[in-house]
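Letters go in sequence order (proteins before strands), and every chain restarts at 1. Every value quoted in this text rests on a predicted model; they were computed, and no experiment measured them.
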There are 2 protein chains.
Amino acid sequence: MPPRAVNARIRLLEAARDVIRAKGFAATTVDDLCRQAGVTKGAFFHHFKSKEELGVAAADFWSETTSALFAAAPYHQPDDPFDRLIAYLQFRKELLAGDLAEFTCLVGTMAQEVFDSAPAIREACHASISGHAMTLVPDIRAAMDARGVSGFTPESLALHTQAVLQGAFILAKAGNSVTLAQDSVDHLIRYVSMVFSQAGKEKK
Amino acid sequence: MPPRAVNARIRLLEAARDVIRAKGFAATTVDDLCRQAGVTKGAFFHHFKSKEELGVAAADFWSETTSALFAAAPYHQPDDPFDRLIAYLQFRKELLAGDLAEFTCLVGTMAQEVFDSAPAIREACHASISGHAMTLVPDIRAAMDARGVSGFTPESLALHTQAVLQGAFILAKAGNSVTLAQDSVDHLIRYVSMVFSQAGKEKK
DNA sequence: TTGCCAACATACCAACCGGTTGGTATTTTT
DNA sequence: AAAAATACCAACCGGTTGGTATGTTGGCAA
């Protein structure tokens with residue numbers, strides 16, 4: 001465990017996370033990242049043999065940090081699987097606060113840009129998104145079984161929640177408005193509630 | 001009406017539509033566009049004073065061509081507003097075919113990339129997305145009134161449909177799978193059906 | 001015919017970008 | 001303590017990029 005080595009690498013990954021979310025992958029230069037991380041270009045190419053490899057590493061880094069965030073989040077507390085699912089969506093909605101580049105999804109942004117030109121990055125983004133979605137599957141499956149819901153797979157609903165979130169990010173970016181994203185998540189919560197026959201429980 | 005002039009401009013806009021959807025805005029070079037359009041750089045900067053201005057023009061061009069496409073589409077035929085809405089979503093699902101770069105949304109892709117660095121493009125993308133969404137509002141409002149649905153605005157549901165589609169594009173790009181996008185649209189159709197109390201009409 | 005202007009084409013440039021090189025300081029291993 | 005590996009730096013390089021400067025061409029009005 002080298003003392004400073006890990007530092008530079010992690011600082012570059014953090015810089016990638018922040019700068020790429022604001023400017024996009026292609027528009028972010030290696031110099032941008034070095035400046036933000038406070039290291040030189042030599043250090044950059046010591047840790048990553050190319051910009052593309054940094055993209056892959058940034059996606060993996062994103063997977064690790066976000067899965068830690070969600071694992072520690074409080075939405076796992078309810079006893080009922082359905083309640084946990086709703087609590088998850090509510091938690092996602094609460095995350096939509098502050099500056100746009102701070103809560104949007106790195107891997108969604110990168111995937112959009114490089115899906116055709118950098119398959120390695122695309123694949124790492126795919127693993128990140130679907131990996132996170134799959135953490136929802138046990139609860140969705142349990143809720144479906146408990147309430148006799150059918151007509152779709154737990155996996156497809158899990159992925160749909162991520163699609164709505166990704167789409168919400170795009171609307172928010174285009175409209176420069178966080179509210180747009182929140183409204184979409186509200187529709188998603190309403191959908192999930194109705195699908196699990198909670199439609200009767202109208203909020204006041 | 002100049003004979004060749006309009007040609008070069010439109011060919012550049014078509015090139016932008018095709019190349020940017022595949023490579024993204026930042027990764028698309030002016031030379032890329034000139035090559036694809038079969039014109040020289042001189043022609044490019046004659047019609048657009050900068051790459052950014054082309055981005056704005058491409059977004060506007062996208063608005064025009066897509067609104068013509070949707071205006072001529074057959075989903076307007078049903079008499080009932082709700083049926084028209086479902087027909088629209090079914091139509092959107094049917095459009096998800098062929099190569100990824102052929103059915104994804106130019107303005108969604110661009111907005112994601114340039115929302116922080118090119119406000120003019122961002123605004124043109126916003127106008128395109130919300131302009132299209134607003135064409136759905138009369139039918140949504142009529143369906144809500146006819147069936148006594150409330151709890152959200154017609155505008156927010158219209159925008160939500162676009163969010164789902166944009167998110168579906170991202171999942172499809174990340175997973176390199178059209179099916180992912182189609183599944184999400186299925187969930188959206190199920191949501192809209194349930195919201196308008198069509199949940200009883202289960203498909204076989 | 002002349003004059004003029006839009007619509008291109010050709011040639012070019014300065015800045016920038018990803019990546020390399022050769023070297024040094026600091027650990028780790030032997 | 002010597003040797004080897006790791007972590008990092010400053011300077012540099014060749015190709016690329018958005019943009020410009022300077023023509024050239026064809027149509028059209030006076």
Whole-Å gap separating [atom2] ([N]) and [atom1] ([X]):
X: A:Arg35; N: C:dC17; atom1: CZ; atom2: P; result: 8 Å
X: A:Phe48; N: C:dC17; atom1: CZ; atom2: P; result: 19 Å
X: A:Asp32; N: C:dC17; atom1: CG; atom2: P; result: 7 Å

Pairing residues for B:Ala158 by the side-chain contact (heavy atoms from CB on, under 4.5 Å) criterion, not counting sequence neighbours:
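Partners of B:Ala158 under the side-chain contact (heavy atoms from CB on, under 4.5 Å) test: B:Ala133, B:Leu136, B:Val137, B:Ile140.
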Name all residues meeting the side-chain contact (heavy atoms from CB on, under 4.5 Å) criterion together with A:His126; count only those two or more places apart in sequence or in a different chain, and write none if there are none.
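Applying side-chain contact (heavy atoms from CB on, under 4.5 Å) to A:His126 gives A:Glu123, A:Ser130, B:Ala174.
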Listing request: all side chain to side chain donor-acceptor pair (under 3.5 Å) pairs with a residue in residues 59-78 of chain A, at least two apart in sequence or in separate chains.
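Every side chain to side chain donor-acceptor pair (under 3.5 Å) pair that includes a residue of residues 59-78 of chain A, provided the two are not neighbours, is A:Ser63-A:Ser128.
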Report, as a single string ordered 5' to 3', how protein heavy atoms within less than 4.0 Å touch nucleotides 18-23 of chain C: B base, S sugar-phosphate only, - not at all.
BBB---
Show me the side-chain donor-acceptor pairs of residues 18-30 of chain B shorter than 3.5 Å, one per line, residues at least two apart or across chains.
residue: B:Arg21; atom: NE; partner: B:Arg17; partner atom: O; Å: 3.2
residue: B:Arg21; atom: NE; partner: B:Ala101; partner atom: O; Å: 3.3
residue: B:Arg21; atom: NH1; partner: B:Glu102; partner atom: O; Å: 3.0
residue: B:Arg21; atom: NH1; partner: B:Thr104; partner atom: O; Å: 2.9
residue: B:Lys23; atom: NZ; partner: B:Asp32; partner atom: OD2; Å: 2.8
residue: B:Thr28; atom: OG1; partner: B:Gly24; partner atom: O; Å: 2.6
residue: B:Thr29; atom: OG1; partner: B:Asp31; partner atom: N; Å: 3.4
residue: B:Thr29; atom: OG1; partner: B:Asp32; partner atom: N; Å: 2.9
residue: B:Thr29; atom: OG1; partner: B:Asp32; partner atom: OD1; Å: 3.4
residue: B:Thr29; atom: OG1; partner: B:Asp32; partner atom: OD2; Å: 3.3

Do B:Val39 and B:Leu33 touch side chain to side chain, with heavy atoms closer than 4.5 Å?
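With C-beta onward as the side chain, the pair stays apart.
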Does D:dC8 have OP1 or OP2 under 4.0 Å away from a side-chain N or O of A:His47?
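A:His47 to D:dC8 OP1/OP2: side-chain N or O found under 4.0 Å.
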Would you please confirm or rule out a distance under 4.0 Å between OP1 or OP2 of D:dC8 and any side-chain N or O of A:His46?
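Negative; the distance criterion is not met.
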Taking only residues two or more places apart in sequence, or in another chain, which ones meet B:Asp80 in a side chain to side chain donor-acceptor pair (under 3.5 Å)?
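B:Asp80 satisfies side chain to side chain donor-acceptor pair (under 3.5 Å) with B:Arg147 once adjacent residues are dropped.
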